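If you're wondering where the values come from, they're calculated on a predicted model, not measured in any experiment. Order of the sequence lines sets the chain letters (A, B, ...), proteins ahead of strands, with each chain counted from 1.
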Amino acid sequence: MPISGKQLKERFKREDYEVKLFKERGFIRKSCSICNHNFWTLVSDQETCGDTRCSGGYQFLGKKGKNLNFDETIKSLTDFFVKNGHTAIKDYPVVSRWRADMEFTIASIADFQPWVLEGIIDPPANPLVVPQMCIRTGGEFSDIDNIGKTARHLTSFVMFGQHSFNSEKLTGGYWMDRCIELNFKYLTEEIGLIPEEITYGEGIWSGGGNFGPNLEAFAYGTELVNNVFIAYGFENGAVKKLDMQVIDVGWGLDRTSWFTQGTPTIYEAIFPNVIEYLQKENGYKVDQKLLMDYSKLSGLLAVEEVKDLKEERIELAGKLGMSYKEMLDILGPQEAIYAIGDHARTLSMTIADGAIPSNVGGGYNLRILLRRIIALKELYKLQFSVVKLFDLQINNLSISFPRVKEHREEIHKIVDLETKRYSETKKSGRRIINDLLQKKTEFSFKTLVNLYQNNGINPLMVKELAKEKNLEIDVPADFYIKLEEYFAEQKKQQEGIEDKAEIQLEKEYQTYPLYYENVYESQFTAEVLDIINNQYLILDKTMFYPTGGGQIHDTGTIQFKDKKYHVVDVMKKGSSILHKLKEKCDLKKGVSITGEIDAKRRMAIMRHHTAVHVVNRAAREVLGRHIWQAGADKTEKKARLDITHYQSVSTEELQEIEYTSNKIIFEKREISKVNLDRDEAERDYGFQIYQGGVVPGKTLHIVSIDEWDIEACGGTHLDNTSDIGIIKLTSSERIQDGVVRLDILAGEPALRYIQEQENILKKSSAIMSVEPKMLPKTAKRFFNEWKEQKKTIESLTKKIAELQYSNNSTKSEKIGHLDVFVQETSGGQKELILQATQAVKHYPNGICVLISSDNNRVTLIGARNKELDFDIVTVIKELSEIAGGSGGGKGELAIGGGSSVDKIATILIQAKDIIRKMI
RNA sequence: GGGCCGGUAGAUCAGUCUGGAAGAUCGCUUCCUUGGCAUGGAAGAGGCCGCGAGUUCGAGUCUCGCCCGGUCCA
């Protein structure tokens with residue numbers, strides 16, 4: 001930020017805030033006696049600004065106003081703004097697929113970033129309103145742990161966006177005067193506040209490098225809505241008025257609904273039936289008066305400033321006239337009920353829009369939410385059906401967001417699966433801790449970190465489980481702080497990634513893409529616009545597809561008169577397409593060339609690309625509606641498709657997807673390709689067009705396979721699915737939790753693959769002299785026989801060794817008091833060990849040195865009788881050195897060897913010598 | 001996206017640091033004890049130590065790659 005908060009504050013003066021309404025109505029500008037912020041009011045002796053803390057908490061609780069429930073509030077706001085010249089647009093998904101920089105939609109304005117705000121495309125309407133469901137599961141806004149404790153925080157909420165866009169070419173927009181006028185009108189006429197009850201607080205909003213004034217409307221100790229006017233940005237460090245000035249009013253719809261109902265918390269306002277259900281199942285009832293007092297005070301909790309609310313809550317308990325522990329006992333279950341309701345709502349919404357709980361990205365936040373539901377349920381021993389809980393929230397959401405109920409089945413499936421996973425984790429956690437407790441009663445920080453990081457067992461769980469065993473475990477109070485330091489240390493050691501050197505263009509050219517016109521054409525003529533470094537050619541039009549959208553570039557030739565150049569790479573820079581040539585070239589600007597792409601390669605790439613579209617939908621058919629494309633890669637030889645899925649894909653499912661895909665080929669479905677404006681495309685086909693991820697630009701190339709798949713895709717595609725020929729799915733792999741990769745072959749490579757598989761089968765069956773279809777049975781038989789024989793050999797070896805060395809069938813030699821066996825024999829290490837140990841078994845003074853060899857190596861084994869005091873290990877070590885290797889062992893058994901096979905005779909002699917010396 | 005941990009008998013896990021005969025408990029089979037059952041006793045079966053390379057005379061153990069599962073952080 002090139003400008004400080006203080007400088008910003010000085011920048012905006014009275015005239016920047018004094019809108020028409022203030023003048024007309026006679027609002028007075030005052031400074032808050034508590035926080036010093038400026039505010040506008042109609043009440044001359046009002047001293048404070050109206051913010052919750054300056055007003056001493058929520059004053060609207062218990063005050064029934066318009067009494068609008070969640071859905072009525074959406075309707076009320078929508079109707080009002082439509083009546084006042086706004087267009088109501090459909091809300092966007094909560095999984096923000098049109099944006100690369102965030103996973104969840106976190107504000108209504110996010111719907112229009114970056115394309116609309118950058119002026120690249122027009123807004124769908126102007127002005128407009130949109131009831132945008134937003135997700136905030138982490139970060140500065142709401143620590144998940146505090147949900148349910150503050151009366152007002154939610155992980156998902158509707159930001160009812162009221163937006164007006166102002167730029168030179170746009171019409172219909174309005175600015176501050178009209179905005180505050182509407183605002184005031186809604187609050188007074190629709191919500192029923194009297195003008196004197198409303199205060200507007202001045203502020204400065206800044207974000208994403210932009211900033212502007214804002215006016216917050218307060219009443220009864222709460223912020224009702226923030227009116228943000230994004231007017232300025234920076235250019236070369238200097239403040240600059242934006243080309244596109246935007247009104248960003250985000251009505252906290254849930255809070256508005258709460259305000260009109262005056263319920264103790266926001267949760268009763270938006271999902272009363274869920275709370276009622278949870279309370280009823282548990283026969284839990286909480287004193288309404290106490291709850292009200294508690295909520296009024298909890299509005300003062302400084303969640304945004306401190307992460308750990310404990311200190312503040314202890315104070316709060318004091319104000320309620322009870323101890324902290326009493327407060328937790330009485331209100332804990334209630335807080336848990338609130339949190340459970342909130343989490344179930346967020347999970348239902350996000351899963352419906354295609355997110356999946358996992359161990360990466362936003363999915364991890366979802367997993368945490370689900371686990372918190374279960375953990376809270378257990379902590380307070382709450383009785384309820386998780387299925388019913390989700391059903392209730394799905395029903396609630398479906399009134400205003402009907403798509404949610406269409407995903408009921410997957411939501412239940414995913415929740416169920418995740419619940420099972422969690423219980424497995426906990427089960428193993430319990431075992432691990434119990435094992436540790438057997439061994440010790442003190443846990444080091446490192447141990448705790450390991451338990452937490454690797455097994456998901458937090459220190460609190462350790463403490464609890466220890467308690468069950470009547471053990472007191474000390475857990476550092478600052479565990480999480482220490483942990484963060486530990487992480488910070490680790491992070492320091494990581495390195496940055498270096499950027500690849502890129503070609504920089506001084507000037508932008510327009511290369512017209514011919515590759516969309518007729519994808520089967522391969523020859524074209526074009527004019528040379530520029531050549532960079534004698535190697536990168538820019539044409540006025542081209543048939544060469546540049547790498548992009550997960551599709552690899554074309555190759556081919558460019559010919560000028562008799563000279564032929566090979567195109568080895570094609571890339572897109574803005575609207576220019578660069579052809580990298582293999583040879584240095586001396587073409588002049590303005591000359592006309594003929595180009596020819598490698599048609600065979602292009603065809604192979606198109607087959608793979610179109611196949612990916614076909615398979616994507618097929619996967620959706622087979623696996624469920626939660627399937628989204630999470631990435632893809634298309635080349636001449638193969639394609640990869642990553643899809644969102646909550647578990648591994650089985651072989652059967654993979655074959656089903658393959659079968660369904662090929663059916664679409666047999667059905668010869670037509671594929672149409674058109675260019676559409678982004679807003680039009682979104683309106684007509686919805687957000688499913690963003691399967692391929694973020695697609696830049698105003699115009700989208702829409703590829704649709706007849707009644708099968710529609711995507712915004714910049715790649716080249718066949719005209720008919722039958723041109724794919726054949727699709728073969730070669731494997732699936734879970735590349736990370738929640739994402740499965742499918743490997744796809746299309747056309748010739750698919751056929752080659754199948755033939756290769758057949759060859760493998762034929763070769764394998766030839767080895768076993770059976771028909772291919774008998775292979776599994778035969779292989780199984782062979783494997784079992786091999787196992788049996790291995791066992792037989794082992795027991796026979798043992799028997800042979802026993803026979804060989806019993807009854808003095810093998811004679812020992814006396815060296816001193818020792819009975820010594822030194823022999824060359826045969827067999828591997830295992831056999832030798834058996835022989836040697838048998839040899840010394842019956843001789844109290846027996847030692848045995850055996851040697852065997854194959855072409856490459858010598859194996860040496862030494863053994864002594866268990867009772868005998870003799871260092872056999874040294875003997876073997878020395879002998880092994882002669883053999884060019886080394887050896888070792890423990891006590892009664894020594895093993896060694898080497899690679900000098902020719903030294904066997906020497907070793908046999910040396911063995912006795914060494915033993916003789918050691919007596 | 002960045003880490004970390006794990007994969008050994010049907011199950012739960014030791015063994016891996018420091019390379020040298022693949023272990024324990026439960027379960028299973030058979031037998032003994034008993035009128036019968038619980039129990040008790042004895043014997044036994046059951047292992048591609050996830051897969052593939054490498055280092056080594058020798059790898060469950062060390063190195064690298066891959067597969068599978070778990071977990072934490074952003």
Assign each of A/S428 and A/G884 the nucleotide of RNA chain B bearing its closest heavy atom; nearer the 5' end lies the nucleotide of A/S428
Rounded C1' spacing from B/A9 to B/C5 in Å | 23 Å
Quick one, which residues of residues 895-902 of chain A touch RNA chain B with a heavy atom under 4.0 Å?
-> A/I895, A/G896, A/G897, A/G898
Hey, what do you get for CD1 (A/I851) to CG (A/L860), rounding to the nearest 0.5 Å?
-> 4.5 Å
Would A/I861 and A/I876 satisfy side chain to side chain contact (heavy atoms under 4.5 Å, CB included), going step by step from the backbone distance to the final call?
-> CA-CA 7 Å; A/I861 299 292; A/I876 292 299; 5.9 Å; no
Hey, does A/G888 reach any base, or is it just sugar-phosphate, or nothing, if we go heavy atoms under 4.0 Å?
-> base
Contact class for A/K877 vs. all strands (heavy atom < 4.0 Å): base, sugar-phosphate, or nothing?
-> nothing
Just checking A/E733: base, sugar-phosphate only, or nothing, at a heavy-atom cut-off of under 4.0 Å?
-> sugar-phosphate
By the Watson-Crick or G-U definition, both distances under 3.5 Å, B/C26 is matched with B/G10
Output yes when at least one side-chain N/O atom of A/R734 is less than 4.0 Å from OP1 or OP2 of B/C68, else no.
-> no
Is the backbone of A/G827 close enough, under 3.5 Å, to the side chain of A/S852 for a donor and an acceptor to pair up by distance?
-> yes
Base, sugar-phosphate, or nothing for A/T425, non-hydrogen atoms under 4.0 angstrom?
-> sugar-phosphate
Under-4.0 Å side-chain N/O to phosphate OP1/OP2 contact, A/S886 with B/G19 | no
A/T778 meets the side-chain hydrogen bond (donor to acceptor under 3.5 Å, both in side chains) criterion, sequence neighbours left out, with none
Does a side-chain N or O from A/Y364 land closer than 4.0 Å to OP1 or OP2 of B/A74, or not?
-> no
Say whether A/N865 and A/E892, considering side chains only, have a donor N or O and an acceptor N or O under 3.5 Å apart.
-> no
If you measure from the C1' atom in B/G10 to the same atom in B/G47, how many Å do you get, rounded?
-> 12 Å
Does B/A45 pair with anything, Watson-Crick or G-U wobble, both distances under 3.5 Å, and if so, with which nucleotide?
-> none
Indicate, with a heavy-atom threshold strictly under 4.0 Å, whether A/E892 touches base, sugar-phosphate, or nothing.
-> base
Using the P atom in both, what is the distance from B/G27 to B/G41, to the nearest Å?
-> 12 Å
Across all strands shown, which nucleotide pairs with B/U63 by Watson-Crick or G-U wobble geometry, both distances under 3.5 Å?
-> B/A53
Any side-chain donor near an acceptor of the partner, A/T419 and A/D416, under 3.5 Å | no
Would you check if the side chain of A/S900 reaches a backbone N or O of A/A883 as a donor-acceptor pair within less than 3.5 Å?
-> yes
Rounded distance in Å between the P positions of B/G6 and B/A14 = 9 Å
Nearest of B/C48, B/G58, B/G70 to any side-chain atom of A/R857?
-> B/G58
Under a 4.0 Å heavy-atom cut-off, which of residues 819-840 of chain A touch RNA chain B?
-> A/Q829, A/K830, A/I833, A/T837
Phosphate-side-chain proximity, A/K791 and B/G46, N/O vs OP1/OP2 below 4.0 Å = yes
Closer than 4.0 Å, any side-chain N/O of A/R371 to the OP1 or OP2 of B/U71?
-> yes
Donor-acceptor side-chain pairing of A/T825 and A/Q835 below 3.5 angstrom = yes
Could you please name the option among B/U71, B/C68, B/C72 that lies closest to any side-chain atom of A/Y452?
-> B/C72
A/Y843 six-ring centre to A/K841 NZ/CZ under 6.0 Å and within 45° of normal = no
May I ask you to evaluate whether A/R367 reaches the phosphate of B/C73, defined as a side-chain N or O under 4.0 Å from OP1 or OP2?
-> no
Could you state the interatomic distance from CG (A/L154) to CD1 (A/I135), rounded to the nearest 0.5 Å?
-> 10.5 Å
